[in-house]
> 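The structure's right below; bear with me while I get my questions together.
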Amino acid sequence: MKKLVIFDLDGTLLNTIEDLGHASNYALEKLGFPTHNISSYPFYVGNGVTKLIERILPDDRRTKLDIERVRREFISYYDEHDHDYSTPYDGIKSLLVALQDKGVKLAVASNKYHRAVVRLVNHYFGEINWASVRGQEDLCPVKPDPSILFANLLDCPTPKADVLYVGDSGVDMETARRACVDSVGVTWGFRPAKELRENYATHIVDRPDDILDIVLNG
């Protein structure tokens, strides 16, 4: 039985793509750059806000200055609109409650900037007693660097053999591999199952209930 389950946030616990897309398009439009269809954003997100902004800017405008200008507008808007459309995926809340009732510790590790992670986790999952909630902070490398998982383990010391990391992307699977913990790739998120397989997911699941079975029975 696993004793600690660490979850990615966007695409794993929450479907946040519309709010991310609208914040991105707001920032682009305000600064005179072309916008993108919301349907294109699942493949822009996943590596933190700075990388998101770099990907959505025109090729010839991906300068440090322009990235920072758009990033500031994005964060200003997203801080006010981060839960306009976002919602937990079906079955996630009941999964978290079931794990907590079984005595499993729960944590979050996200490439989203830290204060937004804390705000969203408290807003949507305030009934959960989280052992650790970590988002991206200045000077801390983004996933797939495993530093954020090590920070979770500092908050909640647990043998790696008893840890499971759950995410929806190849970045998440690579993060787990580098941290030497088992991984679960979920197919309901932003990236296809093929990406999860190619990045050596330990398990791939189609329903939140499948995670409970893995945690309890291996």
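Along the sequence shown, residues are numbered consecutively beginning with 1.
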> Does Lys64 come within less than 4.0 Å of Glu68, counting only side-chain N to carboxylate O?
no
> Starting from the C-alpha separation in whole Å, work towards a yes-or-no answer on side chain to side chain contact (heavy atoms under 4.5 Å, CB included) for Asp182 and Lys2.
CA-CA 10 Å; Asp182 287 344; Lys2 297 297 186 183; 2.9 Å; yes
> Under 4.0 Å between a side-chain nitrogen and a carboxylate oxygen: does that hold for Arg178 and Glu174?
yes
> Mind checking whether Tyr85 and His22 have parallel, tilted or perpendicular rings, split at 30° and 60°?
tilted
> Is any side-chain heavy atom of Tyr89 closer than 4.5 Å to one of Thr12?
no
> About how many Å separate CZ of Phe190 and CG of Asp10, when rounded to the nearest 0.5 Å?
5.5 Å
> When rounded to the nearest 0.5 angstrom, what is the spacing between CD in Glu137 and OG in Ser147?
12.0 Å
> Between the side chains of Asn37 and Ser39, is a donor N or O closer than 3.5 angstrom to an acceptor N or O?
no
> side-chain hydrogen bond (donor to acceptor under 3.5 Å, both in side chains) between Tyr77 and Asn25: does it pass, once the steps are laid out?
CA-CA 10 Å; Tyr77 183 92; Asn25 283 343; over 6 Å; no
> Could you check whether Thr187 and Asp206, counting side-chain N and O atoms only, form a donor-acceptor pair closer than 3.5 Å?
yes
> Using a 4.5 Å cut-off on heavy atoms from C-beta on, say whether the side chain of Asp8 contacts that of Tyr165.
yes
> Closer than 4.0 angstrom, basic N to acidic O: yes or no for Asp172 and Arg191?
no
> Supply the atom-to-atom distance His83 NE2 to Glu80 CD, rounded to the nearest 0.5 angstrom.
9.5 Å
> Determine, step by step, whether Leu57 and Leu28 satisfy the side chain to side chain contact (heavy atoms under 4.5 Å, CB included) criterion, reporting the C-alpha distance in whole Å, the side-chain angles of both residues, the deciding distance to 0.1 Å, and the verdict.
CA-CA 8 Å; Leu57 278 168; Leu28 291 170; 4.0 Å; yes
> Between Arg177 and Ser183, does a side chain to side chain contact (heavy atoms under 4.5 Å, CB included) hold up when you go through it step by step?
CA-CA 8 Å; Arg177 190 184 68 81; Ser183 61; over 6 Å; no
> Is a donor on one side and an acceptor on the other found under 3.5 Å between the side chain of Lys51 and the backbone of Val142?
no
> Could you state the interatomic distance from CZ (Phe150) to SG (Cys180), rounded to the nearest 0.5 Å?
7.0 Å
> Do the non-hydrogen side-chain atoms of Asp209 and Leu95 ever get within less than 4.5 Å of each other?
no
> Answer whether the closest heavy-atom distance between the side chains of Asp66 and Phe33 falls below 4.5 Å.
yes
> Kindly say whether Gly46 contributes a backbone atom to a donor-acceptor pair with the side chain of Asn111 at under 3.5 angstrom?
yes
> As an exercise, state the distance from NZ of Lys112 to CD of Gln136, rounded to the nearest 0.5 Å.
12.0 Å
> Name the orientation class of the two ring planes belonging to Tyr113 and Phe74 (parallel below 30°, tilted from 30 to 60°, perpendicular beyond 60°).
perpendicular
> Decide yes or no for Phe7 and Leu96: does some side-chain heavy atom of the first lie under 4.5 Å from some side-chain heavy atom of the second?
yes
> Mind running side chain to side chain contact (heavy atoms under 4.5 Å, CB included) on Met173 and Glu195 for me, showing each step along the way?
CA-CA 9 Å; Met173 302 305 99; Glu195 181 175 312; over 6 Å; no
> Between Arg62 and Ile67 (side chain of the first, backbone of the second, donor and acceptor by atom type, cut-off under 3.5 Å), is there such a pair?
no
> Within the side chain of Arg55, is there an N or O that forms a donor-acceptor pair under 3.5 Å with the backbone of Tyr44?
yes
